[in-house]
Peer 1: 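Below is one structure. I have some questions about it.
Computed from a predicted structure; not experimentally measured. Here is how names work: the chains are called A, B, and so on, in the same order as the sequence lines, proteins then strands, and each is numbered from 1.
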There are 2 protein chains.
Amino acid sequence: MDPSFPRPLVMVDTALFTILDERLCLLLTQRKEPPFERKLALPGGFVHVDEDADTEAAARRVVCGKIGFDAPYLEQLFTFSGATRDPRGWSVSVAYYALIPASLLDRSQTAEAFPVEALPALPFDHDRIVAKAIERLRGKATYSSLPAFLLPATFTMNELHRIYEQTIGVRLDKASFRHKILEQGIIDPVPSQFRIGAHRPAQLYRLANRVLTAFERKI
Amino acid sequence: MDPSFPRPLVMVDTALFTILDERLCLLLTQRKEPPFERKLALPGGFVHVDEDADTEAAARRVVCGKIGFDAPYLEQLFTFSGATRDPRGWSVSVAYYALIPASLLDRSQTAEAFPVEALPALPFDHDRIVAKAIERLRGKATYSSLPAFLLPATFTMNELHRIYEQTIGVRLDKASFRHKILEQGIIDPVPSQFRIGAHRPAQLYRLANRVLTAFERKI
DNA sequence: CATTGTTAATTGTTATTAACAATCAAGCGC
DNA sequence: GCGCTTGATTGTTAATAACAATTAACAATG
């Protein structure tokens with residue numbers, strides 16, 4: 001390899017979204033090493049040139065290390081760089097964000113979830129990463145099936161409705177929402193399966209399997 | 001700096017869009033060094049940790065080296081990585097795309113412009129970068145003022161209309177287009193300035209200066 | 001100097017779509 | 001059965017977009 005000028009640190013950082021108590025939350029980790037040892041931060045790590053196929057593989061590795069399984073939805077967010085973002089010097093961080101249904105998390109994991117409006121101060125440039133991740137999530141939620149990935153495999157129409165309202169942050173008409181979602185075919189009803197409770201049973205739905213491909217045509 | 005594992009090559013590659021003869025084109029460069037010496041490729045280069053503030057600065061440097069001035073619109077696209085994209089080994093490329101009015105280019109520069117439907121075979125993973133850049137441009141064109149950056153500082157409504165049709169690739173109603181564009185306030189008429197020709201003079205418009213900020217709320 | 005051609009800009013009409021409000025349906029507890 | 005709560009649907013109105021046609025403004029032409 002020819003170029004002899006200094007090569008920067010290359011890392012990945014991940015913004016892991018979930019919804020707890022009807023609030024959009026981020027999973028943070030207590031850092032085990034300096035710099036910022038013991039501080040809460042976004043899960044991240046260095047890219048291992050020998051074992052990671054690419055930065056997405058590195059991100060998946062980091063996410064698995066945090067939650068113990070593969071995230072249902074993971075997408076590259078933005079690449080942050082510069083001399084000031086890390087005290088160790090000029091670095092590059094390829095940031096990813098992921099959506100994780102709360103139902104897949106156990107207690108020890110949800111204990112480290114913080115509502116996005118009440119995050120602790122974050123080290124490095126993690127505030128910028130978080131801001132960008134929320135921006136992207138909100139933006140995409142309006143025209144895609146993204147928020148559905150915050151729900152378990154099956155869900156009711158009203159649960160989906162609430163999730164959309166929470167991620168976008170605006171009120172949505174029930175009837176119109178229903179129409180649009182069903183028209184776009186991003187979810188299918190699960191035949192003769194209902195959520196039973198104290199009231200009228202609600203039809204259960206699941207993501208149509210072509211959703212991810214249809215979605216990736218965007219952006 | 002502690003981590004002792006191998007650090008990858010970090011570079012930037014840029015997809016420079018312009019419109020020539022009503023066709024969306026990309027500016028390519030003949031490579032001056034191996035690998036792929038003399039082949040046409042996307043303009044790119046290594047990130048200089050010492051002189052580039054961040055990858056965006058590196059991208060601006062590359063773009064200036066190609067066209068001789070700063071691009072009116074430049075945006076980070078995606079970060080590509082892996083062991084196979086460059087024969088020199090595992091590498092990271094932060095890709096950017098830019099929009100450049102053809103009127104700012106001179107003859108020697110337009111000579112290296114190729115319509116996106118008739119590109120030569122590109123080295124590295126530049127095909128993927130180009131595909132992603134077109135995808136992004138098309139996607140954003142539908143809900144933003146992006147295509148206006150392919151025009152000179154002032155332009156007529158019909159010129160803007162045509163640019164939108166070309167970048168999105170679908171026919172747009174004249175009257176509806178007019179309404180929407182003016183309603184969104186992304187352009188302003190230039191008082192008492194008209195494009196004169198063999199026919200009825202056309203009102204000239206320019207981008208409203210708040211466009212970029214309004215636009216960046218998206219994505 | 002009217003006629004014609006060409007592009008600019010506007011208007012009106014119709015069809016779609018979304019927003020709003022109300023109603024109907026289905027279970028449970030009492 | 002009756003009221004309560006949540007699910008699901010319907011209908012009506014308002015806002016938007018699509019389509020078609022018209023008017024406006026000039027230059028070139030004979």
Peer 1: Just how far, in rounded Å, is P of D/dA17 from OH of B/Tyr164?
Peer 2: 14 Å

Peer 1: Figure out the CZ/P separation between A/Arg162 and D/dT6, and round it to whole Å.
Peer 2: 9 Å

Peer 1: Under the salt bridge (Lys or Arg N to Asp or Glu O under 4.0 Å) rule, collect the residues that match up with B/Lys66, sequence neighbours excluded.
Peer 2: B/Glu112

Peer 1: May I ask you to decide if A/Thr55's main-chain N or O and B/Ser81's side chain share a donor-acceptor pair within less than 3.5 Å?
Peer 2: yes

Peer 1: Could you check how far OH of A/Tyr205 sits from P of D/dG7, rounded to whole Å?
Peer 2: 12 Å

Peer 1: From CD of A/Glu159 over to P of D/dT6, roughly how many Å is that when rounded to an integer?
Peer 2: 13 Å

Peer 1: Ring-plane angle category for B/Phe17 and B/Tyr97, please: parallel below 30°, perpendicular beyond 60°, tilted otherwise.
Peer 2: perpendicular

Peer 1: Roughly, in whole Å, what's the span from CG in B/Leu182 to P in D/dT16?
Peer 2: 15 Å

Peer 1: Angle class for the B/Phe36/B/Phe124 ring planes (parallel below 30°, perpendicular above 60°, tilted otherwise)?
Peer 2: perpendicular

Peer 1: D/dT9 P sits how many Å from A/Phe177 CZ, rounded?
Peer 2: 14 Å

Peer 1: Calculate the interatomic distance between A/Gln203 atom CD and D/dG7 atom P; express it in whole Å.
Peer 2: 13 Å

Peer 1: With distance as the sole criterion, is a donor-acceptor pair present between the side chains of A/Thr156 and A/Asn158 under 3.5 Å?
Peer 2: no

Peer 1: Could you encode protein contacts along nucleotides 17-30 of chain C as a string, one character per nucleotide from 5' to 3', using B for base contact, S for sugar-phosphate-only contact and - for no contact, with a heavy-atom cut-off of under 4.0 Å?
Peer 2: -SBB----BBBS--

Peer 1: Can you give each donor-acceptor pair under 3.5 Å made by side-chain atoms of residues 198-206 of chain A, sequence neighbours left out, with the distance rounded to 0.1 Å?
Peer 2:
unit_1	atom_1	unit_2	atom_2	d
A/Gln203	NE2	A/Val190	O	2.8
A/Gln203	NE2	A/Gln193	O	3.4

Peer 1: Just the rounded figure in Å: distance from P of D/dA18 to CZ of B/Arg178.
Peer 2: 17 Å

